[in-house]
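Quick notes on the structure that follows.
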Amino acid sequence: MPEEVPSRNPNRRTFINWFLATSAGAFLLAVLYPVSRYLVPPPAGESTAATVTLPIKPVDVKPNSGQIFKFGSRPGILIRTPAGELRAFAASCTHLNCTVQYRSDLSHIWCACHNGHFDLNGKNIAGPPPRPLDQYIVNVRGDEIVVSKSA
Amino acid sequence: MGTLEQHYKKLWNWLDERVGLAEVEKLARKKEVPVHRHSVWYYLGGMTLFLFMIQVATGILLIFYYRPSAEEAFESVKFLMAEVEFGWLIRSIHSWAANLMIFTLFIHLFSVWLLKAYRPPREITWLSGIGLMGITMAFGFTGYLLPWNELAFFATQVGTEITGAVPVIGSFLLRVSRGGEEVTGATLTRFYGIHVAVLPLLTTFLLGLHVYLVQKHGMSMPPAIERQANPKRVMPFVPNFMLRDVVGWLTALAMLAALAAYFPAELGQKADLFAPAPIGIKPEWYFMFMFKTLKYLPAHILGIEGEVIGILGFGVGGLFLLLVPFLDRRTARGEQSHLFTWLAIATIVFMIVLTYLGYTEVVTQ
């Protein structure tokens, strides 16, 4: 194979090989660029609202109980403590993102996936969760419950 | 560069021992393509295959955003066209490549017919080819509905209604193809399943058989060339013919990109099941000649519904097309067969004229 002899003077063969390789490279880029951009999903029209009015009336939340509500595209949990106070947290467990629930028998928040426990302030008290739940601010305006992200 | 060469050699040997690369290489080197004045037609099959590969690639990409339900289909395509980066490009290429693929497939079919490449021992290659044509048209028909727009909805309404005119099993076919009595979301889901799962599976088998047979028998030489006494010229498939193929494919890709950019696929209005049909409703161009023929038939022929006669006619026509290698006994014996040449030409003329009439009719008269 004579063209393998290293030569300082570019000959016809090396020029054509170079030309072919760069064309093929440019072609690949021209295909891969749109495809890779296509595969990245556009930013979703996700609700970024920092405040949500719940479809739940304050009287419907009995002491020592809890309910899940929609906060944007994520779940939140509204609880009434045995003492009668309303509190709200992000309902996504800080361990692996399962949705937590209120355990009336334990009087605190619990995650069923890996047995994580949170107290009435959202603090992780037992099991694998590494962090407390994010707490929201609850305002009761007459018949309405308004939950907002703490600033 | 010596070490790189050695590494490459080692890799080659390692793979060769495990998958038999040397045998593949031997086969590829052995493959030759006859060179004569009709050689250009040899490129059409490969071109159709290339466009099919484009369809597979863009089709997979479209699945990532498409949602096959009456509630979401139109909106998901709209989102794809408006929000997703290069979404319009992927969908437009899918739509254009579909049309070009059917076009090259038709040219491939008629060139094979006219050059009598179906003669023994290539009858099964022909049968599998006709099967692939049917599958491709089914791809077109089912894919047309998926954006769930007005035109697609009524085209499917009409297209499936025609199957209802088939004697005896018509109403059964109608219900199975629609997934119910009417064209609804159930039809959409059904067409989606057929389009992305059933037809690709069938294509894989038939295309595999088709391509295998082409390798087994080699390229067919037209009878007129075969009869000539002068020595036959050939060109090696690798790399001479393959590189010419690639030039054709790159040209097709450039054309696709230009068509997609200047004439992107439209979306239109969302299908409304209770709105009147829009004026000038048309099937895809490759169904136009059949659509127009059915329109021309009188309501009753000899006491039988014209529609039924038309459908039976196309059924017989399709069966005839399938059996051409077995009916054309003269070509099989190595004699000239003017009858089948003229039948091919008559079919082409019929299709072109009816398609032309279909596109030039004044719809409000």
Side-chain angles (χ1 to χ4, degrees), chain A residues 1-52 54-55 68-76 91-92 96-99 149, chain B residues 1-9 50 53-67 72 75-94 96-97 239 242-258 260-261 264-265:
Chain A
M1 289 189 177
E3 68 267 22
E4 280 164 27
V5 176
S7 158
R8 271 170 198 284
N9 307 322
N11 54 26
R12 194 179 140 88
R13 167 69 59 176
T14 54
F15 174 72
I16 288 176
N17 278 346
W18 176 84
F19 199 69
L20 202 65
T22 47
S23 303
F27 170 77
L28 265 184
L29 274 180
V31 171
L32 290 181
Y33 175 73
V35 169
S36 57
R37 294 299 292 261
Y38 174 90
L39 288 175
V40 178
E46 187 190 337
S47 157
T48 49
T51 301
V52 62
L54 303 192
I68 299 293
F69 62 89
K70 246 185 100 185
F71 199 125
S73 56
R74 292 169 166 274
S92 305
L96 290 172
N97 219 32
C98 287
T99 300
K149 274 183 186 158
Chain B
M1 303 299 272
T3 53
L4 196 69
E5 193 84 353
Q6 280 167 0
H7 281 304
Y8 175 74
K9 193 99 195 139
F50 170 71
M53 293 189 299
I54 297 268
Q55 290 307 81
V56 173
T58 52
I60 289 171
L61 288 174
L62 289 175
I63 290 178
F64 289 165
Y65 288 103
Y66 181 72
R67 299 175 184 200
E72 291 184 300
E75 280 75 12
S76 68
V77 177
K78 201 167 153 183
F79 176 77
L80 178 97
M81 294 295 282
E83 308 282 336
V84 178
E85 281 194 83
F86 295 105
W88 61 272
L89 181 67
I90 303 291
R91 176 165 173 253
S92 301
I93 288 185
H94 195 73
W96 273 112
M242 208 175 73
L243 286 177
R244 284 169 172 78
D245 248 348
V246 169
V247 169
W249 295 3
L250 286 176
T251 312
L253 197 62
M255 270 175 61
L256 275 178

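A, B, ... follow the sequence lines: proteins, then strands. Residue 1 opens every chain.
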Checking B:Leu61 against chain A: side chain, backbone, both or neither under 4.5 Å from a heavy atom? both
Among B:Leu253, B:Ile90, B:Leu89, the residue with the most heavy-atom pairs under 4.5 Å to chain A is B:Ile90
B:Phe50 and B:Trp249: which non-hydrogen atoms are nearest, and at how many Å? CE2-O, 3.4 Å
Steps toward side chain to side chain donor-acceptor pair (under 3.5 Å) verdict (A:Thr14, A:Asn17): CA-CA 5 Å; A:Thr14 54; A:Asn17 278 346; over 6 Å; no
When rounded to the nearest 0.5 angstrom, what distance separates CG in A:Leu29 from OH in A:Tyr33? 11.0 Å
Once you measure the plane-to-plane angle for A:Phe19 and A:Phe15, does it fall in the parallel (<30°), tilted (30-60°) or perpendicular (>60°) bin? parallel
Where on B:Ile93 is there a heavy atom nearer than 4.5 Å to chain A: the side chain, the backbone, both, or neither? neither
